[in-house]
Amino acid sequence: MVIFALILTLLLTACAEQAVNEPVPEPDVTDETPKETAAAKYVPAPVSSDSLYVKKAEGIGDDFIMGMDASSVIALEASGVKYYAFDGEEQDVFRILADNGITHIRVRIWNDPYDENGNGYGGGNNDIDKCVEIGKRATKYGMKLIADFHYSDFWADPAKQFVPKAWQGMSVEQKADALYAYTVESLTKLRDAGVDVGMVAVGNETNQYFCGEKSWLKITLLMKSGCRAVREVFPDALIALHFANPENNSYPAYAEKLKEYEVDYDVFGSSYYPYWHGTLDNLSAELAEVGKTYGKKTMIMETSWAYTAEDTDFSGNTIGEGSLVTKNYPYTVQAQANCVRDVINCAASTETCIGVCYWEGTWISVGTESWEENHEKWEKFGSGWASSYAAGYDPNDAGKYYGGCAVDNQAFFDAHGHALESLKVWALAKTGNEIAPQPDAIEDVNLMIDLAGEVELPETVNAVMTDDSKEAIPVVWDIDDNKIAEMKSGGVKKYDITGRAGDFTAHAYVSMVEYNYLRNWSFEEGEEAWTATNLAATEQLYVEDKQTDSMSGSKHYHFWSAGKDTVEFRLEQTVTDLRPGAYSFDISVMGGDCGETEIYAYAVTSGGEVRSELIPISGYGNWNSGNTGTFEVTDGSVTVGIYVRCSGEGNGAWGKIDDALLNSSK
Ligand code: CA
């Protein structure tokens, strides 16, 4: 079928002007390879949209890479997934991508993603044969392949760089030889199949950790093996090295090491997920510095944004409803396009940056009926992020949390495979499509109202427009006097008040609270009013601006220390001029790697000190609070705070403190 479609495409392309339905000759099944790829170059038609706003991205050159990672397509198709073009017709997904401006298809490659019984680990079961299959289809539609070697049998990322099973126990020299041989063998398969390979990545998100090694000497020895193999088999392809976490500002240091150890590569690549990786300005600065100082090309190798908050395959998503990430854009089709446009614009305006690749824009639900049905497909075809068979190789992550797709809401196709308007952003970013802006989403309203005060909601809400600007529009809240009376008498409680704003539903999340006598209770004003006393050798003690790590607002108080038994401090605030009476104090903390801990909230008055129960530390995102219970203030003054002592383990004790509440106790 592939051959048949290829020849049909060639004919249609070559004979487009004749408009004659010539009989299609029987394909020659012995010759699977399109030998003359240049002559068969697929030329997509121009793209237009009357609903998608696209601000023109400046400085996109003719060779700019518009990439799409489509690694899981084969496993998805085996699971029954079909893709539909904008005309509603079923279509080869690679043609749909080419038709909408995609120039490169990226595919991850795992050495041996199978258990001893031949069951696939999942994530597409992407070995080199899968890559060849996808590469041939990409080539057919005029796109180049970005081959992404993880040099692992399953997922590789900054935290995880498992050695392939076959290489376990090898010395680093033996591993370097094996890596070279494997790379030559794999790339030769791609070459023999006629795949148009534009770029080869040696490693995936290798932040000073690669194929089981953590020293630069060993990492670069392995990287050099891979790079040598690429130069030999595909001398015209670009060699990329791929890193993550630009927000740590470590890229120039990485590039310096690569230079020091004389690694021969062309492209310094970075992942950029807006909800994890800092600002685009910071990314641009990091890439520009590496590009300029070390004479390298740079590229954004992975990015994505969600078109909906909804999960459609019964397997939780990375971002969406309830996720704890910074929400840079709304979760809409238009906002997905805006996010991609902004990333493209960043790349195009960063000297040395040659393109952007989206991550898994084709990974959609294998079914929307039930978890059971989907689970069967994930296990059988490897179309979920991990199957249960991966447990032997990756017991602590895949072994525990195997399941479906975590990015089905970040694809460019809906749950049933229909192309979303946002896919056109790749083609339209070059020219722009700056049509009249319309409201696209409504920003949530978050309010804290004192139980003793008035319940007043704003008369307007912010509409996020299709061009990503904001406009205040009138809102009518669904609230009456009965509801207000209920809220005022209901004690400390949160309410979701809905309203109508134009064609949209607006949400006001109202927290009814007791009056908080503390100043700067959520650290939004930095250290203001707080005093920290370092009682040991805690290395980091400061207010951090990071919404995802904050309980309220965007800031919190951060602590970290690498050494064992070095974390011990107090953080406290003294309040004066209080009316005599009963009060209570409450404060929250989260953290990890803390080892043995002694953490409690306290209040010191002229009558002495009261303490909360010990506050446990239970990992990222798990806030635990300590409450002192009631104490009496007689002279108007109290000092409240938190005491923290951790033994520390692993990478050092870390934690976040937020939301300090000093309330009167009735
Ligand atoms: Ca999902």
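No experiment lies behind these values; they were computed from the predicted model shown. All ligand and atom numbering here is 1-based and tracks the order in the structure. In what follows, residues are counted from 1 in the order of the sequence shown.
To the nearest 10 degrees, the Ca ion (ligand 1) sees O of C405 and OD1 of D311 at an angle of 180°.
Note on D313: its N/O/S atom closest to the Ca ion (ligand 1) is OD1. Within D408, OD1 is the N, O or S atom that lies nearest to the Ca ion (ligand 1).
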Test side chain to side chain donor-acceptor pair (under 3.5 Å) on E286 and N282 and set out the steps. CA-CA 6 Å; E286 285 282 291; N282 181 69; 5.4 Å; no

For N624 and S618, run side chain to side chain donor-acceptor pair (under 3.5 Å): C-alpha distance rounded to whole Å, both residues' side-chain angles, the deciding distance at 0.1 Å, then the answer. CA-CA 8 Å; N624 297 307; S618 51; 2.9 Å; yes

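A salt bridge does not link K377 to E369: none of the charged side-chain nitrogens sits closer than 4.0 Å to a carboxylate oxygen.
One of the N, O or S atoms belonging to N317 lies under 3.0 Å away from the Ca ion (ligand 1). Among the atoms of T312, none of the N, O or S atoms falls under 3.0 Å from the Ca ion (ligand 1).
Looking only at atom types and distance, the side chain of Y393 has a donor-acceptor partner in the side chain of S152 under 3.5 Å away. Using modelled atom types, one finds no donor on one side chain facing an acceptor on the other under 3.5 Å when comparing N374 with S315.
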